[in-house]
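What follows is a single structure, written as structure tokens, with notes after it.
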Amino acid sequence: MVRRRGSGRPKPSAHEEVLSIDRLAASGAGMAGDISVPFTLPGEEVRAAVKQRAAEPLEILSASHDREVPLCPHFGMPGEGCGGCFHQHLGLGPSLDLKRDNLIAAVQTVGLTPPEITVHQSPLKSRRRASLTMIRTGKGWQFGFNRWHSHQLVPMRECHILAPELFTFAQAMSKAANTYFPRSAKKAGLSLTLTDEGIDAEITHIAEEEFDLPAREGLAALAAEHGIARLAIAGVPQYQARPAVMHLDGVPVTLPPSNFLQATTDGQAFLTDEVIKGAGDARRVADLFSGLGTFALPLSRKASVLAVDSDGPAMASLTTAVRTHGRPVETMTRDLFDLPLTPAELEGFDAVVMDPPRAGAEAQARELARSNVSVVVSVSCLTKSFARDAAILSGAYELVSLALLDQFVFSSHIEMAGIFRLKTGGLR
């Protein structure tokens, strides 16, 4: 019998009920009919506080044989555990199977038949970027992730998803905050990215001018002691031992503050392999929503590449890198949501790669569906928008390859890459 520690009485607006869990939702939450019950598994009997179609589990009366013992002591039911993980009670294998099923269902929902899916899961303790919360408590400053669906912090003593270097520095910063953070501050953020030259760190939610000179000097000394590449406070640089650089296909690209990277090095390599496979022997490639050039630079080994993105600092970094190292990459700063590349502009390209934000690339997909580009590689971080864009492309293209990347282990989040080949008949 699994009991929730200190669950107390259910909220007045909810009522207690014993529920039988019959299936898992796409998120990984257990479902009792149409009631969502997080942190439960099919076959379990649960005493829960029910409010409309959502329930808060109070006690697992009979646990499933499939329930895994969580790796982390911070994992727990709502109100108890860290919100960084949602699937630890499922385990890595079943969690990956659920994500695969979700991707298949999303593609089938828009009327497409998914090809056999290549699946890859990043290892534990490999997450190279994180946004942590820091709060001042009676015991001093502590750091961690918020509880599930809460603004309350779960202080972290260990973590099975973050790269150890990030966790170690977060511990040091939490201790140093007792000395250097302004006394008036009650809460802060700590943004960390593990670059190839060390950690790029930023303290957020406290203005730089609130730190006096001794505090800023002390934090700079802490950064030096831990070999940090760069430290900023609210966007204002405080310390830099060396540029925060990522080597993309061997080319050093300076990382602008708060810029996007794939969450794991391992995951980036997997997606890059899929993109290169999709582009094949293409001699001219457009890399849309290119960011720093994660795909553009590897593609430039065999092709001339047009890299397009609306992120000015990222485009500036990529432009400097390709000019310095002589890669055949042309850059263009452009908002592809408002101004997608037209079929006329796409004329002459053999392949297009697009890796948009979660909203997807609906407008660009519509333009591609009217083009004569031979192959489109669509990389996405949301199944719903990927499926929508795939359906748009399907009028002109066939989905011939599909890959799933699980780099946010123990969560419902996935990345995917689909390869679409132009159907017989050419330009419509």
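Predicted model, so just to flag it, every value in this text is computed and none were measured. FYI, side chains are in, hydrogens and waters are out, and symmetry mates aren't considered; it's all heavy atoms of this structure.
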Just to verify, what does R283 make a side chain to side chain contact (heavy atoms under 4.5 Å, CB included) with, not counting sequence neighbours? K302, D350
If you take the centroid of each ring, where Trp contributes its six-membered ring, are H87 and F410 closer together than 6.0 Å? no
Is there a donor in the side chain of S122 and an acceptor in the side chain of D266, or the other way round, less than 3.5 Å apart? yes
Tell me which pairs pass side chain to side chain donor-acceptor pair (under 3.5 Å) where either residue lies in residues 375-390, with sequence neighbours left out. none
Kindly write out the residues that satisfy ring-ring contact (aromatic ring centres under 6.0 Å, His included) with F386, not counting sequence neighbours, or none if the list is empty. none
Tell me every residue that passes side chain to side chain contact (heavy atoms under 4.5 Å, CB included) with A363, counting only those two or more places apart in sequence or in another chain. P340
Ignoring hydrogens and geometry beyond distance, is a side-chain donor-acceptor pair present between H247 and D196 at under 3.5 Å? yes
Would you tabulate the side-chain donor-acceptor contacts of residues 27-41 under 3.5 Å, counting partners in other chains and residues two or more places apart, or write 'none'?
residue : atom : partner : partner atom : Å
S27     : OG   : A29     : N            : 3.3
T40     : OG1  : V37     : O            : 2.6

Just verifying a value: how many Å separate L248 CG and T294 OG1, rounded to the nearest 0.5 Å? 5.0 Å
Salt-bridge criterion met for D309 and R334 (N-O under 4.0 Å): no
Of all the heavy-atom pairs spanning S411 and S95, show the shortest one and how long it is. O-OG, 4.2 Å
Residue pairs involving residues 358-368 (criterion side chain to side chain donor-acceptor pair (under 3.5 Å); sequence neighbours excluded): R358-H413, E362-R366, E367-R370
Quick one: side chains of residues 284-292, donor-acceptor pairs under 3.5 Å with protein atoms, not counting sequence neighbours, listed by atom name and distance.
residue : atom : partner : partner atom : Å
D287    : OD2  : A296    : N            : 3.1

Check side chain to side chain donor-acceptor pair (under 3.5 Å) between S20 and all other residues, then give those that pass, not counting sequence neighbours. E45
Quick check against the 3.5 Å criterion: does E44 have a side-chain atom that pairs as donor or acceptor with the backbone of S64? yes
Quick test of your reading: applying side chain to side chain donor-acceptor pair (under 3.5 Å), list the pairs with at least one residue in residues 219-232, sequence neighbours left out, ordered by first then second residue. D200-R230
Contact check, side chains of L299 and V353, non-hydrogen atoms, under 4.5 Å: yes
Excluding sequence neighbours, so at least two apart, what forms side chain to side chain contact (heavy atoms under 4.5 Å, CB included) with P313? P256, D311
If you measure only the distance, is there a donor-acceptor pair under 3.5 Å linking the side chains of T264 and R128? no
Return all side-chain donor-acceptor pairs below 3.5 angstrom for residues 153-161, not counting sequence neighbours, or 'none' if the list is empty.
residue : atom : partner : partner atom : Å
E158    : OE2  : H160    : NE2          : 2.8
H160    : NE2  : L71     : O            : 3.3

The criterion is side chain to side chain contact (heavy atoms under 4.5 Å, CB included); which residues satisfy it with T254, sequence neighbours excluded? V245, S317
Identify whether the distance between the nearest side-chain nitrogen and carboxylate oxygen of R216 and E208 falls below 4.0 Å. yes
